[in-house]
Asker: 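So that we are looking at the same thing, I have put the structure below in structure tokens.
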Amino acid sequence: MFKRILIANRGEIALRVIRTAREMDVECVAIYSEPDASSLHTRFAELAYPLGGKTPAESYLDVEKVLRAAKETGAEAIHPGYGFLSENADFARRVEAAGLVWIGPPADAIVAMGDKIGSRQLMGKAGVPIVPGLSEPVADVAESIAAANEIGYPIALKASAGGGGKGIRIVREESEMEAAFRNASAEALTSFGDGRMYPERYLEKPRHIEIQVMFDRHGNGVHLGERECSIQRRHQKLVEECPSPIVTPEMRAAMGKAAIDAAQAVGYRGAGTVEFLVSKGEFFFLEMNTRLQVEHPITEMVTGRDLVRDQLRVAYGEKLGYTQDDVKMTGWSIEVRINAEDPTNNFLPSTGTIGNLRFPGGPWVRLDSALYPGLEVGLNYDPMLAKLIVWGPDRDTAIRRMRRALEELNVGGISTGAPAALRVLNEKPFIDGDYDTHFLESLDLKQDSRNLGAVAAAAACVHRWHLARRRALQPDAGSRAGWIDRARRITSDF
Amino acid sequence: MFKRILIANRGEIALRVIRTAREMDVECVAIYSEPDASSLHTRFAELAYPLGGKTPAESYLDVEKVLRAAKETGAEAIHPGYGFLSENADFARRVEAAGLVWIGPPADAIVAMGDKIGSRQLMGKAGVPIVPGLSEPVADVAESIAAANEIGYPIALKASAGGGGKGIRIVREESEMEAAFRNASAEALTSFGDGRMYPERYLEKPRHIEIQVMFDRHGNGVHLGERECSIQRRHQKLVEECPSPIVTPEMRAAMGKAAIDAAQAVGYRGAGTVEFLVSKGEFFFLEMNTRLQVEHPITEMVTGRDLVRDQLRVAYGEKLGYTQDDVKMTGWSIEVRINAEDPTNNFLPSTGTIGNLRFPGGPWVRLDSALYPGLEVGLNYDPMLAKLIVWGPDRDTAIRRMRRALEELNVGGISTGAPAALRVLNEKPFIDGDYDTHFLESLDLKQDSRNLGAVAAAAACVHRWHLARRRALQPDAGSRAGWIDRARRITSDF
Amino acid sequence: MKYFAKVNDHDHEVEVIERLGELLITVDGKPIDLKYHAVDEDGQIALQVGQFSYGASIDGGAHECALTIAGSRYRVEIEDERERAAAAAARAKGGGGDLKSVMPGVVVQIFVKPGDEVQEGQSLLILEAMKMQNEIDAPVTGTVDTIYVTEGQAVAGAEKLLKITAAPE
Amino acid sequence: MKYFAKVNDHDHEVEVIERLGELLITVDGKPIDLKYHAVDEDGQIALQVGQFSYGASIDGGAHECALTIAGSRYRVEIEDERERAAAAAARAKGGGGDLKSVMPGVVVQIFVKPGDEVQEGQSLLILEAMKMQNEIDAPVTGTVDTIYVTEGQAVAGAEKLLKITAAPE
């Protein structure tokens with residue numbers, strides 16, 4: 001195994017890698033920007049290398065600095081985490097050119113999967129299901145009907161030149177096509193000067209479900225089941241669960257096979273995630289994330305496998321050492337991302353200095369957190385500060401456990417999305433497992449669902465009353481001298 | 001299920017019960033003494049009832065107060081936790097006489113198992129292995145040899161009137177008996193005026209291994225495997241693991257059967273633990289703890305079963321709902337107790353105000369903790385403040401994970417036994433699984449096994465240097481007025 | 001002491017009176033049996049309402065704070081009678097004042113200029129934070145007095161953006 | 001500044017010198033490349049020795065503190081040169097002084113009386129704490145001056161038990 005690796009990242013994911021590496025007797029080199037000198041990843045790594053710089057561009061994204069850090073600390077490999085340089089194929093190539101091991105997939109696989117349109121066409125050729133539709137636009141009703149019969153209803157007619165949802169029409173059967181095409185095309189012509197339309201299968205109640213895969217260098221690969229990530233807003237996930245409440249063993253096998261096919265089509269190696277859109281029991285390739293995913297812990301909890309450990313092992317050249325049959329999913333796991341954001345104000349980012357922390361604990365509660373008192377949360381870095389993960393023998397228990405854990409959590413100094421997650425976990429559609437990617441945005445998150453507003457008002461006013469009382473009891477001018485004398489005494493211990 | 005229960009306890013075990021109950025929609029009533037008004041169990045329960053009083057006798061041990069609290073809050077049942085009133089049969093009877101459900105075994109079972117000598121005789125009759133020996137002393141060498149042949153060598157000759165190890169002789173074969181008996185008997189006669197001796201099997205390298213059992217009211221019962229608890233000093237456990245490194249499946253089945261026999265012999269119900277001494281592959285009944293055990297979480301991690309949930313279910317009258325065959329042990333779990341004590345000073349208790357907390361996290365780390373900043377740790381209550389628990393797919397991973405978690409932990413304001421546990425986890429006998437109940441006491445815990453003494457010296461001196469520097473920079477008399485003005489401005493926000 | 005507390009846009013009147021060392025509290029005229037016990041200096045509170053207990057957390061000061069109770073967050077703005085009267089007087093004689101950024105970000109576009117009359121709710125500028133563009137609206141009807149920022153400028157949280165003189169009510 | 005640090009009964013000499021805003025540190029005459037960065041006011045420290053990093057915690061003040069580094073705890077007593085000289089002088093003219101309880105407990109038995117001559121290491125009294133009896137030994141050879149406690153008395157941590165006048169060295 002590696003003796004020493006460098007982690008080209010920060011925050012909770014750097015910490016995540018450090019933890020497993022430490023358990024494997026692999027030393028970690030943390031790199032850190034100026035604002036991160038006190039960070040947990042800097043403190044908990046065996047070695048820490050200052051990159052200097054305040055912004056990501058001056059530090060974690062500076063390829064030269066990162067490579068120099070690896071060289072000067074004698075690291076043998078680089079783990080990129082997620083974000084930053086993790087899906088940068090040039091960086092992967094530079095790492096290998098420097099004689100280091102890249103703990104990630106081959107650069108070519110990153111490139112192949114990095115192109116949204118190209119990767120879908122590639123996947124289509126590899127036999128992985130993609131959303132049915134044409135690669136060329138249609139110009140009139142007749143062509144549109146012909147295409148629709150091939151694709152299958154319902155159809156989404158999208159303006160060829162359009163964007164932002166403008167000009168989209170949902171067509172549920174052939175009889176609706178003519179009117180829909182004429183209206184949409186006219187609208188598109190007016191708006192964009194181009195009336196051509198793309199017909200594509202319309203996915204009703206779409207769910208975002210992804211498959212975790214792991215491949216070694218020796219041609220062995222498995223999938224580790226799915227993760228359901230449909231609780232999101234603007235494509236930012238908030239709550240994830242594993243398994244998905246709608247995936248049957250047969251569907252899991254089919255999606256797993258598709259994910260393995262997708263990975264093999266690009267010569268994959270290491271940990272990766274194949275994302276699908278699922279609608280009415282059908283699944284369609286969306287994209288592949290060629291790195292460890294934020295939400296990987298829920299797969300770990302359910303499969304009992306440490307994915308970072310597997311990443312290090314296969315990067316070092318070890319055989320995977322287990323087969324698809326060895327992958328067993330036991331129980332249910334849920335993750336909530338603790339982001340610095342304000343769910344009552346459209347999830348706008350929240351900044352401040354972290355304090356007043358109260359962490360949840362007890363049975364089957366896991367916290368992957370970069371939080372510490374004094375952490376300055378600004379805008380330079382990812383607002384994802386921690387991940388709260390629970391496991392339970394069944395979905396009902398996992399939901400109840402997550403609610404309980406969220407009630408125990410407090411993060412002071414900023415606002416987080418945790419109350420929105422708690423709200424989701426109490427909503428009937430979520431409890432029933434009957435939700436899609438639009439669900440979170442459909443909720444009014446300003447609502448006081450616990451009905452404790454009056455208690456909060458009373459407590460806040462009592463707080464103010466105590467503050468005022470304390471001020472009133474502070475020493476006045478006459479007694480101030482004695483007060484200072486006392487302060488002098490206390491500090492005279494040195 | 002119960003709507004509301006009262007927890008007749010405090011600290012981490014009260015919190016433990018609250019967490020599961022909350023997940024089951026069972027409301028908890030916390031009772032609290034005056035010093036515990038800020039405790040986490042008081043804050044995290046749905047209801048909180050002040051008992052008044054400062055000492056345990058004035059609060060948690062006051063049966064009248066506890067029963068009144070249950071009545072006034074409408075609790076339907078009482079969970080006693082461990083310690084305090086949990087093994088008090090009279091309290092159990094009072095609870096039931098008050099029309100409440102006692103979440104524990106029948107009072108008669110508590111009584112039967114509460115008597116150390118009586119319970120061993122009872123178990124001997126029930127066919128549970130007890131340490132071979134005579135119930136009557138022998139008076140001469142011939143009787144002693146006859147008894148030893150029946151008991152089996154090695155033999156421990158103990159003075160009938162003795163105690164504290166005085167006059168004990170280990171006899172490994174018959175040829176040694178005559179000299180050993182004469183010497184020991186003479187020593188005993190001199191010391192105690194009574195030369196009679198008890199021959200008993202001498203247990204070499206004894207290990208403390210216990211079996212978890214769970215019974216419902218309908219005659220169903222299972223065992224949930226063993227816990228190895230041999231890392232202890234003065235019978236206080238420090239590190240526990242599940243399973244035991246020396247227990248084979250056959251031995252587990254045999255010990256499990258013995259534990260079930262033991263429980264059935266007293267008509268047991270609920271959660272209980274049968275403790276055995278194990279030596280050279282043989283096991284002998286030691287005692288039964290008729291309550292939830294401190295170290296129950298490691299069984300939970302390995303079996304995936306929530307023992308508190310099962311306690312509430314069977315107390316309510318539900319059937320156990322699973323059989324012995326359903327109990328599967330997966331992976332390995334270790335617990336370290338975080339006690340307020342000083343392992344470098346003979347584990348003397350440590351007192352102080354908790355601060356500077358840094359909790360471990362990440363994959364498969366569980367913390368059951370009653371710690372919070374500001375907690376006053378005195379002598380009135382159990383020094384066990386938290387339990388750190390890890391799980392891993394195998395023993396090696398679990399050990400490494402626990403080391404990693406202990407390195408992340410900090411508890412400020414007091415000294416804890418955690419460094420001693422970390423030391424144990426790095427010792428070869430522990431890693432090899434080859435240890436007994438004497439192991440912990442054999443270690444020199446003052447040794448600097450990490451060899452960081454010089455770094456600590458340097459850091460402490462730099463700390464002092466900074467403190468002195470800060471003092472030097474404090475406002476002198478001349479600038480003090482301005483400083484006070486600033487303070488006044490800051491507090492004038494009200 | 002009487003307070004006016006706005007909790008997530010709902011108004012409550014809270015009265016806190018000390019009598020024989022105990023606090024008597026009413027919310028919207030109804031007495032509430034609330035025990036408030038500060039656990040530490042950081043904002044942990046042991047809160048009891050009747051027999052019910054809440055492990056609550058408080059962030060903030062006398063005029064604005066956020067209470068987190070059992071995982072739900074309540075933002076509270078508090079005025080006492082004097083402050084409320086002063087605010088009303090300010091509004092009556094044409095209040096308005098400085099509009100501050102609610103978060104750090106970059107000013108992408110400014111729609112108004114000094115002297116413009118604006119209606120409550122009218123878009124004044126766009127502030128981009130993280131990857132999102134946020135319209136900043138006029139909180140009152142009035143006249144734009146000063147604009148402190150320029151397009152493309154990065155601003156911190158709570159930095160002054162522009163000043164509006166409110167129209168008299 | 002030169003310090004004498006006793007770490008778990010091992011003595012170290014530490015020198016801390018500020019030069020051009022940097023601290024130059026030597027331990028037992030050898031330079032150590034140590035970066036000390038206080039993370040918060042509670043005692044969390046980012047400690048780096050060369051390239052190696054330690055998430056350390058510190059408890060205590062200028063004269064006595066405990067460092068926890070990677071799970072191991074180091075108790076450190078520090079004297080500067082002036083303090084060391086003063087302590088030596090006190091010893092030379094017969095130091096000794098008050099013996100304090102190291103933990104709260106109950107005085108079970110007292111073996112000595114005022115005026116008794118005691119040897120270093122000799123048992124003075126038994127203090128029971130939790131369920132354990134702990135012998136409290138004389139830290140120096142000298143004479144028992146005063147006994148502040150009585151048998152059966154409960155004492156707090158760091159409470160004075162008795163006073164010994166040390167024999168001159």
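Every chain is numbered from 1, with letters handed out A, B, ... down the list of sequences. Atoms considered below: every heavy atom in the structure, side chains included; atoms not considered: hydrogens, waters and symmetry mates.
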Asker: Keeping the roles fixed (side chain from Tyr74(D), backbone from Ala457(B)), state whether a donor-acceptor pair exists under 3.5 Å.
Answerer: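 Answer holds: no.
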Asker: Tell me, for Asn451(B) versus chain D, whether the close heavy atoms (under 4.5 Å) come from the side chain, the backbone, both or neither.
Answerer: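 Contact with chain D is through the backbone of Asn451(B) alone.
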Asker: Can you say whether His10(D) sits under 4.5 Å from chain B via the side chain, the backbone, both, or neither, judging by heavy atoms?
Answerer: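 Neither the backbone nor the side chain of His10(D) comes within 4.5 Å of chain B.
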Asker: Using non-hydrogen atoms only, which part of Ala38(D) is less than 4.5 Å away from chain B: side chain, backbone, both, or neither?
Answerer: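 Contact with chain B: none, neither part.
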Asker: Can you tell me if Arg73(D) uses its side chain to pair, donor with acceptor, with the backbone of Ala420(B) under 3.5 Å?
Answerer: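 Pair absent, no side-chain N/O of Arg73(D) close to backbone of Ala420(B).
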Asker: Tell me, side chain or backbone of Ile78(D) under 4.5 Å from chain B's heavy atoms, or both, or neither?
Answerer: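 The answer is both parts of Ile78(D).
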Asker: Look only at the side chain of Asp59(D) and the backbone of Gly412(B), and say whether a donor-acceptor pair between them is shorter than 3.5 Å.
Answerer: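 The answer is no, because no donor-acceptor pair under 3.5 Å joins these two groups.
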Asker: Side chains of Gln447(B) and Asn8(D): closer than 4.5 Å at any heavy-atom pair?
Answerer: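 Sidechains of Asn8(D) and Gln447(B): no contact.
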Asker: Which atoms of Ser415(B) come close to chain D, meaning under 4.5 Å heavy atom to heavy atom: side chain ones, backbone ones, both, or neither?
Answerer: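 Both parts, backbone and side chain.
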Asker: Could you please spell out the steps behind the salt bridge (charged side-chain N to carboxylate O under 4.0 Å, His left out) verdict for Glu83(D) and Arg464(B)?
Answerer: CA-CA 14 Å; Glu83(D) 290 159 357; Arg464(B) 175 168 169 159; 2.8 Å; yes
Asker: What part of Ile414(B) is in contact with chain D, defined as an atom under 4.5 angstrom from a non-hydrogen atom: side chain, backbone, both or neither?
Answerer: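 Backbone only.
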Asker: So what's closer than 4.5 Å to chain B heavy atoms on Ile58(D): side chain, backbone, both or neither?
Answerer: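 It is both, since atoms from each part get that close.
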Asker: Heavy-atom distances under 4.5 Å only: say whether Val49(D) touches chain B with side chain, backbone, both or neither.
Answerer: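 Looking at Val49(D), just its side chain touches chain B.
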